[in-house]
Number of protein chains: 2
Amino acid sequence: MARRRGNPLALAVLALLFERPMHPYEMASTMRARRKEESIKLNYGSLYSVVDGLVKHGLIEAVGVLREGRRPERTVYELTEPGRLELFDWLSELVSTPAREYTSFEAGLSLLPVLPPEEAVRLLEERVLRLEQHLHMDEALREVTVKQGLPRLLLIEWEYTRMLRRAELDWVKGLIDELREGTFEGLDFWRVWHERCSAGLEPPGLEAIGYVAGYPADHGAANSAGSAGAGSAGDDDPEAPIA
Amino acid sequence: MARRRGNPLALAVLALLFERPMHPYEMASTMRARRKEESIKLNYGSLYSVVDGLVKHGLIEAVGVLREGRRPERTVYELTEPGRLELFDWLSELVSTPAREYTSFEAGLSLLPVLPPEEAVRLLEERVLRLEQHLHMDEALREVTVKQGLPRLLLIEWEYTRMLRRAELDWVKGLIDELREGTFEGLDFWRVWHERCSAGLEPPGLEAIGYVAGYPADHGAANSAGSAGAGSAGDDDPEAPIA
DNA sequence: GCTCGAATACTCGGGGACGGGTGATCGCTG
DNA sequence: CAGCGATCACCCGTCCCCGAGTATTCGAGC
């Protein structure tokens, strides 16, 4: 009971069984045929464990085992009533409620100051190229798929991701421009800070540009006491924040 | 060697140690102070295991154990030379190379046909509301943070996600409109398909709209035997899924 | 009729993430 | 000075994920 909604693959399984009973391998094939592995991560290891999980929670159940020719057995599953409810409930949640997702580009951006500005620009330009390539390939693949007769209804997620990629592309281009033109706020601080770090020195704190404490005002006193520790000389600022 | 680049939290650890030696708990505090937990998933369980992993691969090493007052011991780590290289290499990859990411909304969209169209619209509208709320809260939080003096350089990732959310918002609105106006291609098929599934019948195949086989042309012959809709034709089908 | 490759159907063991503990200490208050 | 809550610092058991492997069988071509 009260199962943790983890892997979306489980939802996909429920959705497939909503159409008709299937055995796991067939679920995988169907997902492939409909290009759903593009939007829902699929691999066999996960598939079978996810199916087991659903059985254990009573959301699906085995309806029989077939053997055809002398192929291995195939266990066919069907949706139970609780499973049907879970399917609608879970899917509703996914659609109606934006969830915090952590993308790796976001992670990269948030650590960007670690790189020297010039290097950052170079890498961002590389990203632009790659994004453009991906967009073209997507486009091509999409045309093929549509020609095969898959209706738009079954490809909305493509439109979504395509639009996101495009938006990202534009944004990155804009960022590059700002960096190139030098209109990006704090660029000089970036450079200085980076040089000192690379040299193995204590980096300058944010005081340099008006930043005072590493903590929001309300945390006030409580500070990770001994941060000064290692190399730096005795100084009045025991907690040079970024330092 | 040849370690698998998994959790971005590991990268964040490397980045922090690039500035100066720290003990794990301090890394966490620093990330919080800089609002990095917004873009890189942080929890203590992962942090300590990630640190262990980095030590095991020789990318960081313990430089000592401090005890201050009579607090518990704190093991302080520093970056090794291989660690420094890995840091730059990994970060470069994140920035320069777009990676396939699976978001849950994408998963939701790709299974959307499971819901009746009216319900889908309702849920999408809910999403619009929630997105707008989030955007406003972000905006507010951002203002506060900026007033605390965090420079733009340390908040680029916010600009990125904000822009993404905005783009999503617009897109969802557009989709809703199309569905409401009935200009969305295949809407009637959707309705029919859904009703039959709900009634426990075999859903109509895609032949109804010109789609022929579950597989792209080049797979040709090999078809997961029953995909064409067992219920419809006379049953020469040897493996009608359930009995 | 034989071989090669692709498809079928699943198994398994390692590894990593995660969340919920667990003490111990510090500061404040009555 | 006793008690209370907040903070500090870390550990551990569980669950879940995943990718590589395996054994079989069908079909196409020579």
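Residue numbers begin at 1 in each chain, while the letters A, B, ... track the order of the sequences.
If you take CD of A:E37 and C1' of D:dC18, they are 15 Å apart, rounded to a whole angstrom. Between the C1' atom of C:dA24 and the OH atom of B:Y25 lies a distance of 13 Å, rounded to the nearest Å. Remark: C1' of D:dC15 and CZ of A:R5 are 18 Å apart, rounded to the nearest angstrom. Remark: P of D:dT7 and CD of B:E26 are 17 Å apart, rounded to the nearest angstrom. Rounded to an integer number of Å, the gap from CZ of B:R74 to P of C:dT25 is 14 Å. Between the C1' atom of D:dG19 and the CG atom of A:L9 lies a distance of 14 Å, rounded to the nearest Å. For B:M22 and D:dC8, the CE to P distance is 15 Å, given to the nearest whole Å.
Of the inter-residue distances, the one linking A:S92 atom OG with B:R127 atom CZ reads 12.5 Å to the nearest 0.5 angstrom. For the atom pair OG of B:S110 and CG of A:L91, the computed distance is 8.5 Å after rounding to the nearest 0.5 Å.
Side-chain contact between B:L111 and A:L14: absent, with no pair of heavy atoms (C-beta onward) separated by less than 4.5 Å.
Residues in residues 38-59 of chain B take part in no salt bridge (Lys or Arg N to Asp or Glu O under 4.0 Å) pair, two or more places apart or across chains.
For A:H23, whose side chain is taken as the heavy atoms from C-beta onward, the closest listed nucleotide among D:dC17, C:dC10, C:dA17 is C:dC10. Across D:dC10, D:dC18, C:dA9, the shortest atom-to-atom separation from the side chain of A:N43 is found for D:dC18.
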Residues 157-164 of chain B, side-chain donor-acceptor partners within the protein, below 3.5 Å, at least two apart:
unit_1	atom_1	unit_2	atom_2	d
B:E157	OE2	B:K36	NZ	2.7
B:E159	OE1	B:R152	NH2	3.2
B:E159	OE2	B:R152	NE	2.7
B:Y160	OH	A:E168	OE1	2.9
B:T161	OG1	B:E157	O	3.2
B:T161	OG1	B:W158	O	3.1

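Of the possible donor and acceptor atoms, one in the side chain of B:T80 sits under 3.5 Å from a partner among the backbone N and O of B:L59.
Residue A:K41 has a polar side-chain atom (N or O) positioned under 4.0 Å from OP1 or OP2 of D:dC18.
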Collect all protein-nucleotide pairs involving nucleotides 11-16 of chain C in which both atoms are nitrogen or oxygen and the distance is under 3.5 Å.
none

